[in-house]
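Worksheet: one structure, shown below.
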Amino acid sequence: MAERELERPRLSISRPTLRTLREDEDALDERASLADRETDIDYRQTFRIIGRGVLFLRYVWFRYAISFASHWVPENLGLLLAPWMGKIIIDHVVLGQPVEGVTGYPSFLIPAVQTLEGASAGLIMFWMALLTVVGLLARLGHGYVMALFDIRIEQSVVHLVRSRLFESVQSLPMTKLDDQPIGDSVYRVMNDTAVIPGIMRMVVQEPVFAVGTFAVALFSILSAYPDSPAVAFFAVGALPLYVLVIAPFSRMLRRRAQAMLASQSAFTSNIEEGMDNMLAVQGLGARETERERFRLDSAESFKRIRYSDLARGMVGTILQIASQLLEWGFSIFVVSWVIFGDLSAGDYVVVIGYFAAMRDPAQNLAKVWIAVQADAARARRVFAMLDLPPETETGDVALPPVTQGVSVRRAGFAYPDGRRALKDVTFDAGIGQIVAIVGPTGAGKTTLAYLLPRYHAASEGQVLIDGHDVNDVTVESLRGQVSYVFQETQTVAESILENIRLGKPDATAAEVERAAQTAGIHDFIVALPDGYDTKLGTTSSKLSVGQKQRIGIARGLLRDSRVLILDEPTSALDPETEAHLVNALHEAARDRAVIVIAHRLSTVAIADHIVFLDEGRVVEQGTREELMAREDGNYRAFVDLQNASVD
């Protein structure tokens, strides 16, 4: 955590200018994720991202079609009828004009209006009120049913996207995972994925609804007023006006949205790190420091939300001003027709209503373009993670059951930045053997162990299992027969039983207990009030470091894997527990190749073969007796140094 703080990009605290604003946004992008830095997208990329989001429609197309039709028909039915009901009430109830021989209605409504000929104003009002109540009740019922239906569609899509994104994160190579903060990954999976159904709705449903509404309104008004096409053409002119108003602000909206998301991701990572390091914070008395980190990240997130809302609000205000000016101009235009007798008061209500009906789709299309900028920024984060190259699958052959063991031949490894970690490493670890990898800190022991399950791919040389190059076999079949117990054991928020059988979910309780007994953790577990059903948190506050380490060893022993790698398995164990585990390793090695990375001599002493690494090279190897017989040997000097420190 301290190292990350030292590397934390600095954010500007002076009055923001356009330059400092962009510099701060770049710093936020770097804090959010080192694996995803291409955050500034152009129009072409925006359309491509939106298109990818819409493509998820193919998984729910039938249900979506039902939802689409179920919304579109009632909406346009209301649009066809509501304005004319207002005209009937004003002209024939309020003003008392006779219904006989009426004009100014669309052709499809004239038969219905003619049924009111001779009816009194009260009867006409009764029928209008009845139709209103029936329509309202039908709308409420329809809205409730469709809300449930739409939520189900939305959550189906979100679940699909989340599942794919989670699988993508799981498949990343370790070198890439190191660049991806957990909080950012959590934020993308939990929050950013929820934008995909919104994109589908805005890009597919809103434009089609808008065009359909526009067409229905245009048809109705031209049918009723065929001699006054200027009314329709005035409303049609709203669409290009709105587009011209908001088009220049698209990139600004995307950038402010991206900065907001990056700040929230960084804030989520801050919370995750704070919770995960709570014991260290309390032990070092660093609560005030952590509070200040939390305050700064929270304030930064709040500031970015304000900037994003301000940008959207500004564009929305400009759009609203343009809409208001257009509405005033049209109102004056129609009022002049009423004053000069070309339209009745009821006609004014209809024309204004249909103008609003045609103006709203044009305005909604413009608002869709505004809203989709922020959604495109969120969707970009989802697809950027989905597009990260997964761990390379170099082989296509399933590794057969291992019967011989591991052979490393002149293997080397260099990190992407050019740092050399291993060079010309050769050793064997056969079934039934315990091989210890020993050496000073930074010698490359863990990197060497990572080559066996292909967490890292050797830059040169070969890593063979039963003669099969690990680069030629599938990752699944390889890791199905290689168990790696890391030095730091991570637990999941499940029972101890489920934690131990994490790598073998179908293991019986008896098998779990045998593995726990071999790892020396069984007696501690059964002494707990809930025994193996004791729930653990992810921070494992109920377990000591040594107990967590034994949980990890029990996991490795439980799996039916032929190669078992233990990274410092006794570093946190007391001498009695270590002696118990050392004896257990002999039992485990009967049908396995056991490779142990160790510093403690008591663990190394049980090894059948010792490989001593220094600066990434094997400087000597052999049995303990052979290495101790070399008076100027590296291993002997290593042992003498440890014995001297103990004395």
Side-chain angles (χ1 to χ4, degrees), residues 279 402 429 431-436 449 452-453 479-600 602-607:
L279 295 180
V402 178
I431 298 295
Q433 274 190 313
I434 299 176
V435 175
L452 306 185
R479 293 177 188 169
Q481 299 196 62
V482 178
S483 291
Y484 197 114
V485 179
F486 294 90
Q487 183 176 358
E488 296 183 7
T489 300
Q490 303 294 326
T491 59
V492 296
E494 296 287 350
S495 66
I496 292 178
L497 179 72
E498 295 301 326
N499 268 274
I500 293 178
R501 63 183 180 194
L502 182 64
K504 189 179 179 181
D506 58 346
T508 65
E511 290 175 323
V512 171
E513 289 187 16
R514 281 197 299 272
Q517 288 171 342
T518 304
I521 191 71
H522 174 74
D523 292 340
F524 164 76
I525 295 174
V526 296
L528 296 171
D530 295 326
Y532 281 88
D533 293 326
T534 301
K535 297 289 185 180
L536 299 180
T538 54
T539 56
S540 304
S541 58
K542 297 178 182 178
L543 301 177
S544 68
V545 175
Q547 289 162 348
K548 286 198 298 180
Q549 199 168 45
R550 279 176 278 171
I551 290 285
I553 294 169
R555 287 173 175 170
L557 295 172
L558 180 62
R559 288 191 70 203
D560 187 21
S561 54
R562 306 290 281 174
V563 179
L564 176 61
I565 305 171
L566 302 168
D567 193 345
E568 294 287 355
T570 62
S571 60
L573 303 184
D574 58 80
E576 181 180 355
T577 305
E578 181 185 9
H580 179 85
L581 178 61
V582 166
N583 293 329
L585 290 180
H586 279 295
E587 180 68 24
R590 285 186 177 182
D591 56 356
R592 291 182 175 94
V594 178
I595 299 171
V596 182
I597 301 172
H599 284 100
R600 292 170 67 161
S602 54
T603 306
V604 178
I606 67 168

(message) In the structure I gave you, are the side-chain heavy atoms of I496 and V512 within less than 4.5 Å of one another anywhere?
(response) no

(message) Working to the nearest 0.5 angstrom, can you tell me the gap between L536 CG and T534 OG1?
(response) 7.0 Å

(message) Do the side chains of E511 and K504 get close enough for a salt bridge, i.e. N-O under 4.0 angstrom?
(response) yes

(request) State, to 0.1 Å, how close G556 and V485 come at their nearest heavy-atom pair, and which atoms those are. (result) CA-CG2, 3.9 Å

(request) Calculate, to the nearest 0.5 Å, the distance between atoms CZ and CD1 belonging to R550 and I525 respectively. (result) 9.0 Å

(request) Measure the OG-CG distance between S561 and D591 for me, rounded to the nearest 0.5 Å. (result) 9.5 Å

(message) Tell me which pairs pass ring-ring contact (aromatic ring centres under 6.0 Å, His included) where either residue lies in residues 494-523, with sequence neighbours left out.
(response) H522-Y532

(message) Can you tell me how far apart CG (L564) and CD1 (I434) are? Round to the nearest 0.5 Å.
(response) 9.5 Å

(request) Search all heavy atoms of A515 against all heavy atoms of L557 and return the closest pair with its distance. (result) O-CD1, 4.2 Å

(request) Evaluate the side-chain proximity of I597 to L566: yes if any heavy-atom separation is below 4.5 Å, no if none is. (result) no

(message) I'd like to check V563 versus I565 (side-chain heavy atoms, cut-off strictly below 4.5 Å). Are they in contact?
(response) yes

(request) Identify the heavy atoms of A436 and V604 that sit nearest to each other, and give their distance. (result) CB-CG1, 4.2 Å

(message) Less than 4.5 Å apart, side chain to side chain, heavy atoms only: is that true for V594 and Q433?
(response) no

(request) Could you tell me whether the side chain of Q547 reaches within less than 4.5 Å of the side chain of I551, counting heavy atoms only? (result) no

(request) Hey, could you give me the OG1/CZ distance between T491 and R555, rounded to the nearest 0.5 Å? (result) 7.0 Å

(request) Please report the closest heavy-atom contact between A509 and L497, naming both atoms and the distance. (result) CA-CD1, 4.4 Å

(message) Nearest 0.5 angstrom please: Q481 CD to R592 CZ, how far?
(response) 12.0 Å

(request) Taking E498 for its side chain and K535 for its backbone only, find out whether a donor-acceptor pair lies under 3.5 Å. (result) no

